[in-house]
Amino acid sequence: MQLHICENYDALSAQAAAEVIELVKRKPDAVLCLASGDTPKLTYSVMAKIATDQNVDFKRCTFIGLDEWMGISPDNEGSCHYFLHHYVFKPLNISNDHIHLFDGLSANPEEECRKMDKIISDTGGIDLMVVGIGMNGHIGFNEPAESFGQYSRVVDLGESTKLVGQKYFQQQTSLTTGITLGLNHLLESKKAILVANGSKKADIIRKAVKEKITPHVPASILRNHSNSHVILDRAAASMLNQER
Ligand code: PGA
């Protein structure tokens, strides 16, 4: 795992965006999994601007969804669907046949999971994942647990995820379960980038980066990935030198 500490959120976003652009220039049919969330918003805006300015074409890329809230419609502004269309697919002009997202309204979420696993293996695997980190150390909806591993699945959301997740919704929303890629997908991706900013993430970043690798801090698994990068601003990195 490589650690990159940037001056601020703008610099972090520029660096993450540059990594995605570099890949797509080199491999125009790359398979990308881009997380939703507040953290990567600026990354995607910068990425879309560079794509326009430098004529970098994402239309041949395949996009894989990381996760979705179960029971939430794709029209809901808090859904991962809505986010990705707004920040990524519309600005980059991506056609629907290149987009594979979990259906949070599916009557058969287990089948939805197997479908996603098959799509990923049919593509030959994910080239790049850009993910955030939850306040409890989750990646996607891989919540703190007794063991790592697994592929796509439906999960009961942790208390902090339900609480923090309200920030994405315009009104109080019942969030109980999510559907997510598994940490095996992360480990098997050719490259993984985790972005985090702000002092509120400093303690969980310290745990993920400095303390033991444990499924109780799911993001710590990135240290078992041979090509993972953690890109932070100074505030998120501020507890890395503290002894415990
Ligand atoms: P955030 O979410 O980027 O909105 O902080 C991160 C996450 O929960 O994965």
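Each ligand, and each atom within it, is numbered from 1 in the order the structure gives.
Of the possible polar contacts, none joining the H229 side chain to the I193 backbone as a donor-acceptor pair under 3.5 Å is found.
Listed by chain and number, the residues in a ring pair (Phe, Tyr, Trp, His ring centres under 6.0 Å) with Y82 amount to none (sequence neighbours excluded).
Residue pairs that meet the ring pair (Phe, Tyr, Trp, His ring centres under 6.0 Å) test with at least one member in residues 26-75, sequence neighbours left out, are F63-F89, W69-F141, W69-F169. Residues in residues 64-81 take part in no salt bridge (Lys or Arg N to Asp or Glu O under 4.0 Å) pair, two or more places apart or across chains.
Exactly one residue among L84, I72, L105 makes a side-chain contact (heavy atoms from CB on, under 4.5 Å) with S79. That residue is I72.
Protein residues with a heavy atom closer than 4.0 Å to ligand 1 are G37, D38, T39, G132, I133, G134, H138, K167, Y168, K201, listed by chain and number.
Pairing each heavy atom of M135 with each of S160, the nearest pair is CB-OG, 4.3 Å.
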